[in-house]
Amino acid sequence: MNPAFSVIFLTTLIGVGQGLFLALYTGESYAIVNVLPSQSQDFYVWGSVISVAFLIVGLVASIFHLGHPERAWRSAAMWRTSWLSREVIVLPTVIGAITVYGLVHYMGWDLTTFGIKTGVDGDLTLILGLGGVLVTFLLYLCTGMIYACIKFLQEWATPLTVINYTLLGGASGFTFAAVFSAYMAPSLVNFYAGWAIIITLSALVTRVASLMRNAKIRHKSSLKTAIGVRDDRIKQTAMGFMGGSFNTREYFHGMSILFMKSIKWIFLVLVFLVPVILLSFAISQGSTNLLIAAFVSQYIGLIAERWFFFAQANHPQNLYYQTVG
Amino acid sequence: MTQLALVIDLNVCVGCHACVTSCKEWNTSGPAGFMSDDNPYDADPTGTFFNRVQTYEVGEYPKTETVHFPKSCLHCEDPPCVPVCPTGASYKREEDGIVLVDYDKCIGCKYCSWACPYGAREIDEHQKVMKKCTLCVDRIYDETLPEAERKPACVLACPTSARLFGDVHDPDSVVSMAIKEEAGFQLMPEWGTKPSNHYLPRRKMKIRIHEDELVRADNPLKKEGERPKVEDDGHTLDDVTSW
Ligand code: SF4
Ligand code: SF4
């Protein structure tokens, strides 16, 4: 496929936003059982604001992908069958859930405000946050399934697609949380950086697994099945036109094999190797700059990763468009 | 249930592109609006088409064969492009099985085109909506046209009658008969899309000549040459008609 930057930014930015929220909630629930020091409301409020900002910027990026953004509201209609439609519903729900979560923190409400005594501090945000966590995971599922559900895009049609979207989003979100906590809650830096390393390494395992799977994928379609002639020696002599068309632009990235290979190594280094090293050093040296560098590297790497993800998928329609003429 | 479809005979198609041009002409002039082109007479032309004719070479020289292959939306019975559409703009009609796009609902997200394995959908770069073959839905039911002309423009244009149009669910229709009798097949059956359009394969036209057809079985003397002249005063019918 030919990667569209609107979609690359959409998926990577909302991935960070979702991951950041998961990080906030993890921190809060650990604090309640006194494993971590509890934080001021400000920490959660600003965390939620930044998380929502990532999601909204992602949403705005996606609008550039549409031919008729003014009709975008229609896309909530077919949630029964379409993962894209489901994403369109779940994304604003996640934004809403995190906004409510941040707002309740801002107001400092808990269940006692409403006359219910549980004896737990922050019980209300804990419950609301749990709902937020569920929809956040649902959003990862929707985003991944948009690609994984197209069965003839064989590089995508695997549960690994959903797992990678979840883990890569989570990793970048926790890395960002480490940066954020360096300013707002220094006592949490090591906790977030530690988890960022663990999630990044898990993502490394599943992303490499999908690379290995795709390296030896056997495509089911061939020119034989495409035109229904039983002979291995078929070649196209004319695709029916001399210029370009949607079919020649949308489905192929147009880059060299060397470029593809380099992008793969670039993202492996930027998403996994560099951040893990920088995060480890940041933990031992307590340097905020290293944390920032880790996030920047990981995010740039994720853009390359997403580009590669799209470019690597081989659309069977390309069988029909091989020879200008 | 009705399922309208095309049957395209690869044995007959000569690759003249008449279906492509008549399709474009009919559909760019229709009520649904033009099908945009850019730089049609310039370098790097590009445009929206519902139908393309491609050419393939099969085999190795000198035993090669040229296959002309027209391709448009196959109006799949289980179309993967329809359920993925978030707006419901892409739909399959209950009454005749035609897969259509509602241009007023389409948001141009291109997701359906990703979900068609055949590359049958093309976005219109100016109207920003997804376009594809409609089986000339605006002409096949048009009662102001003479009945014989209520067919897709491509079918009417084909000079070799390589394109048949009809209901593939009716076992007695011309398309069903052709599929049955001439071994009609579907494209990329591996994805379970169940295309309604079928193709008829290339078939070699051969006559088989048996040994006894090369010698005259009714020549007991095995002597070839001028037949003896018919006797003028012959009496029997055989004598007169003998060859
Ligand atoms: S050929 Fe493609 S566009 Fe047409 S119905 Fe089948 S999947 Fe949909
Ligand atoms: S491009 Fe239009 S028809 Fe296709 S999936 Fe998007 S909204 Fe539906």
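In what follows, chains carry the letters A, B, and so on, assigned in the order in which the sequence lines appear, proteins first and then strands, with residues in each chain numbered from 1. Since the structure is predicted, the reported quantities are computational estimates derived from the model, not experimental observations.
- Each of A:Ala238, A:Ser85, A:Gly240, A:Ala77 has some count of heavy-atom pairs under 4.5 Å with chain B, and the biggest count is that of A:Ala238.
- Applying a 4.5 Å heavy-atom cutoff, the residues of residues 77-96 of chain B that approach chain A are B:Pro80, B:Pro83, B:Val84, B:Cys85, B:Pro86, B:Thr87, B:Gly88.
- Side-chain atoms of B:Gln54 and A:Thr237, non-hydrogen and from C-beta on, never get closer than 4.5 Å to each other.
- Using a 4.5 Å cut-off between heavy atoms, A:Met1 contacts chain B through its side chain alone, with no backbone atom that close.
- The minimum heavy-atom distance linking B:Trp191 with A:Ser221 is given by the pair NE1-OG, 2.7 Å.
- Both the backbone and the side chain of B:Tyr118 come within less than 4.5 Å of a heavy atom of chain A.
- Looking at A:Pro316 and B:Met188, their side chains come closer than 4.5 Å, going by heavy atoms from C-beta outward.
- Chosen from A:Val7, A:Ile227, A:Leu84, A:Asp231, the residue pairing most often with chain B at heavy-atom distances under 4.5 Å is A:Ile227.
- Annotation: the span from B:Arg121 atom CZ to A:Phe246 atom CZ amounts to 10.0 Å, rounded to 0.5 Å.
- Two residues are said to be in side-chain contact when any heavy atoms from C-beta on lie closer than 4.5 Å; B:Trp114 and A:Ile150 meet this criterion.
- Of the inter-residue distances, the one linking A:Met239 atom CE with B:Lys71 atom NZ reads 11.0 Å to the nearest 0.5 angstrom.
- Annotation: side chain of A:Gln322 is not in contact with side chain of B:Tyr56 (no heavy-atom distance under 4.5 Å).
- With a 4.5 angstrom heavy-atom cutoff, A:Ala313 does not touch chain B via any of its atoms.
- Side chains of B:Tyr111 and A:Ile146 form a contact here, defined as non-hydrogen atoms less than 4.5 Å apart.
- The contact between A:Leu319 and chain B is made by backbone and side chain atoms together, counting heavy-atom distances below 4.5 Å.
- At a 4.5 Å heavy-atom cutoff, the contact between A:Ala72 and chain B is made by backbone atoms alone.
- With respect to chain A, the highest number of heavy-atom pairs below 4.5 Å among B:Cys109, B:Gly192, B:Pro189, B:Ala43 belongs to B:Cys109.
- In this structure, chain B has a heavy atom under 4.5 Å from the side chain of A:His315, while its backbone stays farther away.
- Contacts of A:Val88 with chain B are absent, with no heavy-atom separation under 4.5 Å from either backbone or side chain.
- Both the backbone and the side chain of B:Val58 come within less than 4.5 Å of a heavy atom of chain A.
- Taken to the nearest 0.5 Å, the OG1 atom of B:Thr55 stands 12.5 Å off from the NZ atom of A:Lys235.
- Interface check for chain A: of the options B:Asp124, B:Thr46, B:Ile107, B:Val67, the most heavy-atom pairs under 4.5 Å are formed by B:Ile107.
- Near-neighbour residues of residues 10-37 of chain B relative to chain A, defined by a heavy atom under 4.5 Å from a heavy atom of that chain, comprise B:Leu10, B:His17.
- Heavy-atom pairs under 4.5 Å with chain B were tallied for A:Gly243, A:Gly228, A:Ser75; the largest tally goes to A:Ser75.
- A heavy-atom distance below 4.5 Å is not found between the side chains of B:Gln186 and A:Thr225.
- Using a 4.0 Å cut-off between a side-chain N of Lys or Arg and a carboxylate O of Asp or Glu, A:Lys220 and B:Glu190 do not qualify as a salt bridge.
- Side-chain contact between B:Lys110 and A:Glu250 is present, with heavy atoms from C-beta onward closer than 4.5 Å.
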Open item on the list: Set out, in order, the CA-CA distance, both residues' side-chain angles and the distance that settles side chain to side chain contact (heavy atoms under 4.5 Å, CB included) for B:Glu65 and A:Ile234, then state yes or no.
Closed with: CA-CA 10 Å; B:Glu65 204 173 338; A:Ile234 308 176; over 6 Å; no
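- A salt bridge does not link B:Glu122 with A:Arg249: none of the charged nitrogens is closer than 4.0 Å to a carboxylate oxygen.
- When side chains are defined from C-beta on, B:Arg52 counts as touching A:Ser245, because their heavy atoms get closer than 4.5 Å.
- Defined by atom type and a distance below 3.5 Å, a donor-acceptor pair is missing between the side-chain atoms of A:Arg233 and B:Thr64.
- Per-residue heavy-atom pair counts under 4.5 Å with chain A were compared for B:Ala120, B:Gly59, B:Gly108, and the maximum is reached by B:Gly59.
- B:Gln127 touches chain A through its backbone: at least one of N, CA, C or O sits under 4.5 Å from a heavy atom, while the side chain does not.
- Residue B:Arg202 does not touch chain A at all, counting heavy-atom pairs closer than 4.5 Å.
- Highest contact tally toward chain A, considering only B:Asp44, B:Ile123, B:Thr66, is held by B:Ile123 [criterion: heavy-atom pairs under 4.5 Å].
- Heavy-atom pairs under 4.5 Å with chain A peak, among B:Ser113, B:Gly47, B:Pro70, at B:Ser113.
- In this structure a side-chain-to-backbone donor-acceptor pair under 3.5 Å is missing from A:His68 to B:Cys106.
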